[in-house]
**Student:** 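Encoded as structure tokens, here's the structure I'll be asking about.
Only a predicted model underlies this, so the values are computations on that prediction, with no experimental measurement involved. Just the heavy atoms: all of them, side chains too, but no hydrogens, waters or symmetry mates, feed the values below.
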Amino acid sequence: MTIQPVATPRQVLRNTNFTRLLVGQFISQLGDGVVFLSLMIILNRMLGDAAASAIGVLLICLTAPRVVLGLLSGVYADRLDRKKLMIVADVARGFIALSFLLVKSPEDIWMIYMGGFALSAVSAIFAPAKDASLPQIVQPDQLILANSLSQSSYIIAATLGSALAGILIGAFNTATPAIVFNAASFFVSAAFIATVHLPHVQRHAEQYPSMRQVWHELREGLSYVAHQRQMVGALTGLGVTMLGVGAINVLFVPFLSNDLHLPETYLGFVDLFQMAGMVLLNVFVAKLAVRFSPAQIIGSGIILIGIFLGAAGFVQVAWVIFPLGFIWGLCIAPVEASAATVIQHAPDHIRGRAASASQTVMGTANVLSMAIAGIAGASLGPRLAFVAGGAFAVVGGILAWLIMRSAAPQPEAADRVMPEAVLARSED
């Protein structure tokens, strides 16, 4: 029996194309963490007691584009040059972020909503292009580890960004430095992406297709995903899970503050414990992928998430939530990395649409769950929300395992485009 070599983080990070993309994304995600918390603080300062509903509207503006534009963005990620698409999207996001500087009074709050929607819409275009490009940058046996490193980078950047927002606003007593930092982060990300070497792929000659052609390509992409049991299983499991987890996200802070009486100064530490769990296990994701199938990793991982989320609903002592957060991170890390890798096994010419299908499923489930939380949260309470959310996750994990276990193994490299010259440059 031949033992498969396992990729190590050091090997993946030696790929300069990947590290350039990773560093650029870390900086822009750090800026995201800074500006979104800053926007909530702006709304709170301007509106006082009425800020809660305004923040709810902002969250909807940030989430809705992934549902409305998610599938269409995949068509263009497969039709246009992905590197140019990412650069243009980052530059556009930089200028959109600067528009928040125009908000001076409560009468200008509509610009926060419009800017938030626009930022999220462009991000919905950027994400499938980036996800579809990753298999062109790293080698097949390194893909799952590259995804896990990307996930670690995201959670670290989001956590540090929120902390940095508090420091900037506290030091300057204004959101202006945070907004400028966020805009600059997108421009820096575009500069890093410009140095990434992606293989040239001949895509559609028509850059501005008719709606009929777009619809045809969209159906083609969805048809492909629908006939891949691995992808259907992963998306079903994640979608059902998000129906419960979205409500938990909305009610999490009230649960910690009102039910567990945890001081506000400690709320961020729960995120830190979850981040630590994700980062720790992400180092071992590649080893798990060698020993276990995607069905086993995703199915069992989601079930464990459900069990430990549900357990939070019975917590009576505040300190218990910290180790639970660490365990959530341990469970989430392999699920996210494995699911992203399953989606990226789509052929190159259709990979953007597969990635956007995942984005749309997750976004739709999240919006529905937040709506349910808003309607039923007050009457049912946060504790029952944790128990119900955990039950949804357990069901999602079982469905994912049942659907994926009967699927044919996915090829190591599905129509990857990695010329020798590109591989050589990546090891510079």
Side-chain angles (χ1 to χ4, degrees), residues 15-25 27-28 65-66 69-96 118-140 143 146-147 150 186-218 220-221 224 340 343-360 413-426 428:
N15 182 328
T16 55
N17 284 325
F18 174 71
T19 54
R20 289 166 183 167
L21 181 62
L22 187 68
V23 171
Q25 285 306 283
I27 293 171
S28 68
R66 284 187 292 168
L69 302 175
L71 291 175
L72 290 177
S73 65
V75 173
Y76 289 94
D78 289 333
R79 172 173 282 276
L80 306 179
D81 183 295
R82 289 170 184 156
K83 177 178 174 179
K84 292 179 181 177
L85 189 60
M86 287 188 286
I87 293 172
V88 171
D90 262 342
V91 172
R93 290 193 290 182
F95 284 112
I96 292 169
L119 266 182
S120 185
V122 179
S123 295
I125 295 171
F126 179 95
K130 186 207 76 172
D131 291 343
S133 298
L134 197 57
Q136 297 175 269
I137 296 174
V138 301
Q139 299 187 45
L143 184 57
N147 278 311
S150 294
F186 288 122
F187 297 132
V188 171
S189 175
F192 271 96
I193 293 172
T195 66
V196 174
H197 297 287
L198 281 178
H200 176 73
V201 180
Q202 185 62 43
R203 304 201 185 278
H204 295 273
E206 306 171 60
Q207 293 195 357
Y208 304 101
S210 65
M211 285 306 299
R212 181 178 180 181
Q213 181 65 20
V214 169
W215 176 245
H216 170 75
E217 292 177 22
L218 177 59
E220 180 187 27
Y224 173 83
I343 299 300
Q344 289 164 346
H345 272 89
D348 180 77
H349 72 280
I350 213 165
R351 194 178 296 134
R353 280 165 282 178
S356 66
S358 173
Q359 175 179 270
T360 302
D415 191 21
R416 296 177 192 276
V417 184
M418 296 186 70
E420 296 291 333
V422 174
L423 289 175
R425 283 196 296 269
S426 70
D428 289 345

**Student:** Could you give the distance from CG (L119) to CZ (F126), rounded to the nearest 0.5 Å?
**Tutor:** 13.0 Å
**Student:** Within a strict 4.5 Å, meaning less than it, do heavy atoms of the R20 and T16 side chains meet?
**Tutor:** yes
**Student:** Does a side-chain heavy-atom distance below 4.5 Å link Y76 with P128?
**Tutor:** no
**Student:** To check you understand the geometry: which heavy-atom pair defines the closest contact between S150 and F18, and what is its length?
**Tutor:** OG-CE1, 3.9 Å
**Student:** Using a 4.5 Å cut-off on heavy atoms from C-beta on, say whether the side chain of S28 contacts that of V188.
**Tutor:** no
**Student:** Taking side-chain hydrogen bond (donor to acceptor under 3.5 Å, both in side chains) as the definition, give me every residue that meets it alongside N147, ordered by chain and number, with sequence neighbours left out.
**Tutor:** T341, Q344
**Student:** Between R353 (side chain) and G74 (backbone), is there a donor-acceptor pair under 3.5 Å?
**Tutor:** no
**Student:** Kindly give the heavy-atom pair with the smallest separation between I137 and N15, and that separation in Å.
**Tutor:** O-ND2, 2.8 Å
**Student:** Could you measure the distance from the CE atom of M86 to the CG atom of L80? Nearest 0.5 Å is fine.
**Tutor:** 12.0 Å
**Student:** Rounded to the nearest 0.5 Å, what separates atom CG in L22 from atom CG in N17?
**Tutor:** 12.5 Å
**Student:** Could I get the full list of ring-ring contact (aromatic ring centres under 6.0 Å, His included) partners for F187, not counting sequence neighbours?
**Tutor:** F95
**Student:** Backbone N or O of V196 within a donor-acceptor pair of the K83 side chain at under 3.5 Å?
**Tutor:** yes
**Student:** Which heavy atom of A194 sits nearest to which heavy atom of I87, and what is that distance?
**Tutor:** CA-CD1, 3.8 Å
**Student:** Looking only at heavy atoms, which two atoms of D131 and A355 are closest? And how far apart?
**Tutor:** CB-CB, 4.0 Å
**Student:** Identify the heavy atoms of A146 and L134 that sit nearest to each other, and give their distance.
**Tutor:** CB-CD2, 4.3 Å
**Student:** Suppose we screen for side-chain hydrogen bond (donor to acceptor under 3.5 Å, both in side chains). Which residues come up paired with S189, at least two apart in sequence or across chains?
**Tutor:** Q25, D90
**Student:** Does any part of the side chain of R93, heavy atoms only, come nearer than 4.5 Å to the side chain of S123, both counted from C-beta?
**Tutor:** yes
**Student:** Minimum heavy-atom separation for L85 to A129, with atom names?
**Tutor:** CD2-CB, 4.0 Å
**Student:** Any chance you could measure I125, atom CD1, to S356, atom OG, to the nearest 0.5 Å?
**Tutor:** 11.5 Å
**Student:** I'd like to check F186 versus I96 (side-chain heavy atoms, cut-off strictly below 4.5 Å). Are they in contact?
**Tutor:** no
**Student:** Side chain to side chain contact (heavy atoms under 4.5 Å, CB included) for R82 and R351? Distances and angles first, verdict last.
**Tutor:** CA-CA 11 Å; R82 289 170 184 156; R351 194 178 296 134; 4.2 Å; yes
